[in-house]
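Reviewing the structure listed below.
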Amino acid sequence: MPENDQIQFDERDNVFARRDLQPETPEYDEFYSRHPEWKEPDDNNRTRPEIGSFISDADMGFYEAPAWLMQHIGSPEVVDGSPAPQKVHLSPEAATNKIKNFAKQLGADLVGISSVNQAYVYSNRGRTRYSEEQWGEKIELSHQFAISMGFREDIDLIRTAPGSPELMDTSLTYLRSAIASVVLAEYIRSLGFPARAHHFANYQVLSVPLAIDAGLGELGRCGFLLTKECGNCVRLSTVTSVLSLLCDEPVDIGVQDFCNRCKICADVCPSKSIPMGDKVVVRGTEKWYIDDLKCHTYWTKVGTDCGMCIASCPWTQRNNWMHRTSARLASRSKMARIILLWLHPIIYGKYQPAELPGWFDQRIKKNRWERQPE
Ligand code: SF4
Ligand code: SF4
């Protein structure tokens with residue numbers, strides 16, 4: 001059961017799952033009979049180009065090739081499987097030590113463990129583009145522990161947002177996170193315990209709140225996990241299991257106070273999907289509400305997954321002593337947060353996308369959407 005008044009998220013409500021619905025199918029009719037308010041905006045969104053449509057043919061594979069492999073390793077038999085018949089008995093301390101270190105060897109920059117709050121397990125399957133699982137299928141996940149892994153993105157590529165290098169790096173980082181999750185899940189199964197990987201191509205859980213419970217960071221105004229080490233320039237994957245592990249504690253690194261004052265992402269966001277105002281209660285949790293349809297619609301206009309809210313965040317900086325010192329100070333002192341926020345525009349100015357690296361095509365295909373009537 002979900003904890004407190006929290007309500008599970010139905011993956012069918014996810015904006016990507018909605019975009020995949022095809023008119024004149026039973027799924028489409030069933031969904032919009034329950035959500036008539038979304039039919040018109042979603043129909044409109046479905047007429048818009050796919051992400052990546054404007055990227056040159058030579059560069060399109062930078063995004064599609066990692067996505068292709070992710071799709072393969074998102075199949076049910078890769079994310080899940082049978083545990084080995086013989087159990088290897090480890091104390092929770094020993095198992096936690098092995099798993100955290102192995103996750104780092106698999107490329108994770110951040111690793112934490114939490115219990116599985118059922119509010120963060122999807123209620124029903126919605127995205128079926130990447131797997132053979134059935135749309136609408138009830139999701140039952142009885143695993144008690146979640147291992148959250150964070151993978152740092154390449155800040156130089158992210159700072160081209162909304163340019164195509166940002167899309168490539170997002171796709172590549174999700175692939176790295178996906179590979180790590182399926183290997184880690186298989187390792188746990190080799191110990192004789194059920195384990196399932198959850199990654200971009202096949203989730204049964206919400207990775208952000210689980211990562212927050214696991215102490216990786218806090219939820220920022222922009223709707224992403226905000227970490228001390230990588231800002232929000234980090235992608236997540238999760239492994240759930242019944243193997244007994246030691247849980248980490250959520251952290252307070254001053255993000256709520258920082259985001260209350262900052263609002264840079266809300267100002268930069270071209271679709272105004274990020275609120276300037278206060279948090280609201282969403283499915284039983286108080287947070288800043290992100291208008292995902294507006295955000296996704298902008299993606300279809302620009303042809304990438306945008307990412308300007310990530311690139312412009314003051315917490316998203318190169319991993320050097322200056323950033324590590326600033327993040328340490330910001331996480332400890334309100335006065336430091338005020339000073340750092342005052343300094344940020346003086347040092348960095350207003351967000352401007354960086355030039356594309358020379359090995360990317362500078363020109364994009366004609367934006368077909370611009371030629372269509374609104
Ligand atoms: S840009 Fe500012 S308001 Fe937005 S997530 Fe980052 S710190 Fe918070
Ligand atoms: S990805 Fe772009 S459009 Fe979406 S919330 Fe971030 S800045 Fe706004």
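Each residue takes its place number in the sequence, starting with 1. Atoms considered below: every heavy atom in the structure, side chains included; atoms not considered: hydrogens, waters and symmetry mates. Order of appearance sets the numbers: ligands from 1, and atoms from 1 within every ligand.
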Nearest 0.5 Å, what's the OG-CZ distance between Ser312 and Arg159? 10.0 Å
Around atom 1 (S) of ligand 1, find the nearest protein heavy atom and jot down its residue, atom name and distance. Cys265 N, 3.4 Å
So is Lys87 actually on top of Phe193's ring, under 6.0 Å and inside 45° of the axis? yes
Could you identify the single nearest non-hydrogen protein atom to atom 7 (S) of ligand 1 and state the distance to 0.1 Å? Phe258 CD2, 3.4 Å
Select one of side chain, backbone, both or neither to describe which atoms of Val255 lie under 4.0 Å from any atom of ligand 1, heavy atoms only. neither
Checking only N/O/S atoms, does Cys309 have one that is under 2.8 Å from atom 4 (Fe) of ligand 1? no
Taking C-beta and beyond as the side chain, do Ile99 and Leu245 meet within less than 4.5 Å on heavy atoms? yes
Taking the side chain as C-beta and beyond, is there a heavy-atom pair between Leu356 and Ser164 under 4.5 Å? yes
Atoms in ligand 1 with a heavy atom of Arg221 nearer than 4.0 Å: 3 (S), 5 (S)
Closest non-hydrogen protein atom to atom 6 (Fe) of ligand 1, residue and atom name please, with distance? Cys313 SG, 2.4 Å
Are the charged groups of Arg176 and Asp169 less than 4.0 angstrom apart, N to O? no
For atom 4 (Fe) of ligand 2, what is the closest protein heavy atom, and at what distance to 0.1 Å? Cys295 SG, 2.4 Å
What residue and heavy atom of the protein are closest to atom 3 (S) of ligand 1, and at what distance? Lys263 N, 3.3 Å
Show which atoms of ligand 2 fall inside a sub-4.0 Å distance from at least one heavy-atom site of Trp299. 1 (S), 4 (Fe)
For Tyr32, is the NZ or CZ atom of Arg18 found under 6.0 angstrom from the centre of its six-membered ring and inside 45 degrees of the ring axis? no
Atoms of ligand 2 close to Cys306 [distance to a heavy atom under 4.0 angstrom, numbered from 1]: 1 (S), 2 (Fe), 3 (S), 7 (S)
Using a strict cut-off of 4.0 Å, indicate which atoms of ligand 1 neighbour a heavy atom of Cys222. 5 (S)
Under 4.0 Å from ligand 2, counting heavy atoms only, is it the side chain of Ile290, its backbone, both or neither? neither
Is Ser312 in contact with ligand 1, taking contact as a heavy-atom separation below 4.0 Å? no
Mark up the atoms of ligand 2 that fall under 4.0 Å of a heavy atom belonging to Cys269, in ascending order. 3 (S), 5 (S), 7 (S), 8 (Fe)
Atoms of ligand 2, numbered as shown, that sit under 4.0 Å from any heavy atom of Gly307: 1 (S)
Between the main-chain N or O of Gln118 and the side-chain N or O of Gln8, is there a donor-acceptor pair closer than 3.5 Å? yes
Within ligand 2, which atoms have a heavy atom of Ile274 less than 4.0 Å away? 5 (S)
So, does Glu218 use its side chain to make a donor-acceptor pair with the main chain of Gly254 at under 3.5 Å? yes
Proximal ligand 1 atoms for Trp315, defined as those under 4.0 Å from one of its heavy atoms: 7 (S)
When distances are taken from atom 8 (Fe) of ligand 1, the protein heavy atom at minimum range is Cys259 SG, 2.3 Å
Just so I know, are the side chains of Leu225 and Asn232 near enough to count as touching, which here means a heavy-atom distance under 4.5 Å? no
Using heavy-atom distances, let me know which of Leu219, Asn260, Ile264, Leu226 sits nearest atom 5 (S) of ligand 1. Leu226
When you check the side-chain N and O atoms of Glu166 and Thr170, is any donor under 3.5 Å from an acceptor? yes
For Ser271, the ligand 2 atoms with a heavy-atom partner under 4.0 Å come out as 3 (S), 8 (Fe)
Regarding His198 and Thr240, is there a side-chain donor-to-acceptor distance under 3.5 Å anywhere? yes
Trp135 six-ring face occupied by Arg12 cation (under 6.0 Å, within 45°): yes
Distance-only side-chain donor-acceptor flag, Asn14 / Arg19, under 3.5 Å: no
Tell me which protein heavy atom sits closest to atom 2 (Fe) of ligand 1, plus the residue, atom name and distance to 0.1 Å. Cys262 SG, 2.2 Å
